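Please read the structure below before turning to the comments.
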Amino acid sequence: MSSSDGEITDVSGASDRAQQLRLIEALLFASAAPLDAATIAERFPDGADVPALIAELEREYRGRGVNLVFVAGGWTFRTAADLADKLGLEKVVPRRLSRAGIETLAIIAYHQPVTRAEIEGIRGVAVSSGTLDVLMETGWIAPVGRRETPGRPVTWGTTDAFLLHFGLADRRDLPGIEELRATGLVGLHPLTVAETAAQTLPFAPAAAVEERDRDEEEAEDDSGGA
Amino acid sequence: MSSSDGEITDVSGASDRAQQLRLIEALLFASAAPLDAATIAERFPDGADVPALIAELEREYRGRGVNLVFVAGGWTFRTAADLADKLGLEKVVPRRLSRAGIETLAIIAYHQPVTRAEIEGIRGVAVSSGTLDVLMETGWIAPVGRRETPGRPVTWGTTDAFLLHFGLADRRDLPGIEELRATGLVGLHPLTVAETAAQTLPFAPAAAVEERDRDEEEAEDDSGGA
Amino acid sequence: MINAMAFEDRERGGAPEGDQLVVDLDGYEGPLDVLLTLAREQKVDLTKISILALADQYLAFIATARRLQLEVAADYLVMAAWLAYLKSRLLLPEPPGPDQPTGDELAAMLTHQLRRLEAMRGVAARLMALPRLDRDVFGRGAPEGLPRRLVPRYEATLLELLRAYGELRQRKENAVLRIVPPELYSMEEALERLQRMVGRVPEWRSLISFLPPILGRGLIERSAIAATFAASLEMARAGKLELRQDRSFGPVFVRSKPGVI
């Protein structure tokens with residue numbers, strides 16, 4: 001079983017060598033552990049130049065998806081190192097964003113660039129770093145700079161992936177608060193009769209006007225910077 | 001294999017394809033089980049022609065010590081069959097099957113799904129439960145359902161392990177099955193033939209019938225418990 | 001009943017011959033196996049086999065076995081009896097009656113059985129001759145395996161995003177107590193507005209034209225008219241405006257007091 005010279009001797013020199021290469025290739029492939037040249041040479045009683053054959057095989061596999069490498073005292077096939085991260089089968093698990101996550105995302109989308117403290121100011125509750133981590137994982141937000149205020153806090157903004165996912169061409173495509181109101185996504189305040197009138201009358205509550213103006217300015221600033 | 005694309009770092013059209021080939025090669029080398037084209041295609045979201053790439057890889061490995069083969073519904077690398085004697089790597093000494101075991105395995109493979117009574121009808125002799133036990137132990141056969149006839153007997157079929165062991169692509173890849181189909185010796189109406197035979201031919205003697213019934217009850221218990 | 005050695009022998013060397021058959025009854029896998037072995041001895045295609053001759057051979061085989069006082073299992077005897085019956089059906093004229101298969105049909109069935117068993121043996125041999133995994137061919141000895149990575153894919157729709165933002169804003173608004181300003185135009189506002197215009201009105205102009213641009217809203221408009229009229233009286237009293245009304249309920253005209261500019 002181990003001896004193979006009976007068949008190899010009667011073939012021509014070239015195919016003899018090719019046959020020896022095939023055998024080494026098969027041996028190294030099938031072996032559970034790396035094989036050294038001596039172990040391989042045991043299969044070639046007629047004294048083939050095993051190191052030269054291995055070297056040839058090593059060359060042939062150079063640059064392929066599988067390489068012949070020398071590890072732990074022997075030769076073995078290994079998938080090419082540069083492909084390692086592509087081998088893992090990715091199993092996609094759909095996951096929903098938490099309430100805090102979607103609100104934070106919305107604030108970042110509307111107010112970017114916005115610091116964490118500002119997000120907390122708008123939400124009225126602290127933003128856990130876990131929430132930002134999850135949003136980072138989605139690839140929808142990213143740090144976009146620093147606010148030039150004491151402590152130079154990081155500012156957050158949305159990414160192209162965000163636009164892609166939500167089917168927006170541009171961050172300015174997000175509907176304004178008044179449009180949200182018009183579509184019923186923001187409920188009417190019980191005392192908003194005057195506010196509605198504020199669109200046409202100069203009696204608008206000063207605070208509301210100021211806030212809206214600021215939001216719009218910020219949105220414009222961002223898009224300018226992008 | 002003669003080409004050694006040592007420097008495949010840039011992504012021009014040709015080396016892009018080479019890179020795809022490398023990845024498929026690595027995937028198939030790394031995987032312990034055969035991979036089908038669909039599974040491989042998951043790695044190529046941009047829609048590479050995976051079947052064509054596999055075919056190219058199969059050609060490259062033809063005649064080498066390791067071949068790319070289609071087994072049990074997927075692609076996998078195997079040492080070349082002609083090197084069997086020279087490798088001397090027998091890893092598992094398969095349990096030597098009895099003649100009854102071999103015949104029963106073949107009948108199950110070619111007639112699946114098939115009941116024990118049908119196997120007996122074909123062999124003209126009772127199938128001892130030991131025979132089925134041994135075959136079950138190999139992992140090559142398994143109960144696959146029940147025949148909707150009186151008594152609802154268990155039907156048997158072959159497993160993926162069977163396909164892997166014998167290097168078969170699928171259950172239709174059995175040697176000679178097309179000729180057998182064409183001559184009516186397999187397929188068409190195995191049940192009818194077996195039943196007719198049971199009524200008119202004395203192939204299932206009384207004693208064997210009793211034994212069979214008892215065994216089948218056992219088999220049913222087994223499959224029910226599994 | 002199972003005799004692997006006998007099987008191996010026959011696989012290698014073909015069917016055992018003559019006497020060997022008789023004494024080695026245990027080497028057979030049942031009566032059909034014996035029949036097939038005998039049939040092979042006719043050395044013709046199984047479809048052309050003489051069932052009559054086969055039946056005779058089988059009966060002779062059983063008779064020999066019994067003469068040698070070998071224990072012959074019941075199923076072999078049942079087959080012998082059935083073959084004797086088949087023989088009679090083949091030799092004698094067919095009795096009338098459609099329910100019974102004819103002798104030829106029975107013979108054809110037997111032939112089919114033999115052919116099928118032979119076919120199964122043939123493919124069994126071919127199956128076992130295939131290169132076998134881990135015996136003849138080998139998979140990769142040390143496959144790295146393909147790790148499965150769980151990749152979360154977050155899902156959120158634009159609607160959810162907008163609704164979340166809308167609710168957030170609403171929540172914020174609800175949290176602030178806002179006093180709704182009165183809807184009436186106040187005297188103070190009218191006074192302020194008129195005072196800004198004083199000195200720029202050399203000609204008589206309708207008081208109405210000094211109203212702020214109010215649309216609809218009758219109550220607010222009327223309050224504006226009243227407030228503006230009251231403011232004009234106040235300013236006339238302070239000597240900054242002149243008022244004129246040509247007739248009762250007629251329009252009120254106003255102009256800056258000359259010299260005030």
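No hydrogens, no waters, no symmetry mates; every other heavy atom, side chains included, goes into these values. Just so we're on the same page: letters track the sequence lines, and every chain starts at 1. What you are looking at is a predicted structure, and each value in this text was computed from that prediction instead of being measured.
With sequence neighbours excluded, the residues that form a salt bridge (Lys or Arg N to Asp or Glu O under 4.0 Å) with A/Arg96 are C/Glu160.
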Output, in order, the C-alpha distance, side-chain angles, deciding distance and verdict of side chain to side chain contact (heavy atoms under 4.5 Å, CB included) for C/Glu167 and A/Glu103. CA-CA 9 Å; C/Glu167 285 170 9; A/Glu103 279 188 14; 5.7 Å; no
Before you tell me yes or no, could you show the steps for C/Glu144 and A/Phe77 under side chain to side chain contact (heavy atoms under 4.5 Å, CB included), namely the whole-Å CA-CA distance, both residues' side-chain angles and the distance that decides it to 0.1 Å? CA-CA 10 Å; C/Glu144 288 98 337; A/Phe77 282 113; over 6 Å; no
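Ranking A/Leu28, A/Leu174, A/Leu97, A/Thr79 against chain C, the residue ahead of the rest is A/Thr79, based on heavy-atom pairs under 4.5 Å.
Atoms CD1 and OH, on A/Ile122 and C/Tyr165 in that order, are 6.0 Å from each other to the nearest 0.5 Å. With values rounded to the nearest 0.5 angstrom, A/His165 atom NE2 is found 7.5 Å from C/Thr157 atom OG1.
C/Glu155 touches chain A through backbone and side chain together, each having a heavy atom under 4.5 Å away. With a 4.5 angstrom heavy-atom cutoff, A/Arg99 touches chain C only via side-chain atoms. Looking at A/Leu168, only its side chain comes within 4.5 Å of chain C, counting heavy atoms on both sides.
The aromatic rings of A/Trp140 and C/Tyr154 stand perpendicular to each other, their planes meeting at an angle above 60°, with 30° marking the opposite boundary.
Considering only heavy atoms from C-beta on, C/Leu168 stays 4.5 Å or farther from A/Tyr110 through its side chain.
Nearest heavy atom pair, residue C/Ala156 against residue A/Ile102, reads CB-CD1, 3.8 Å.
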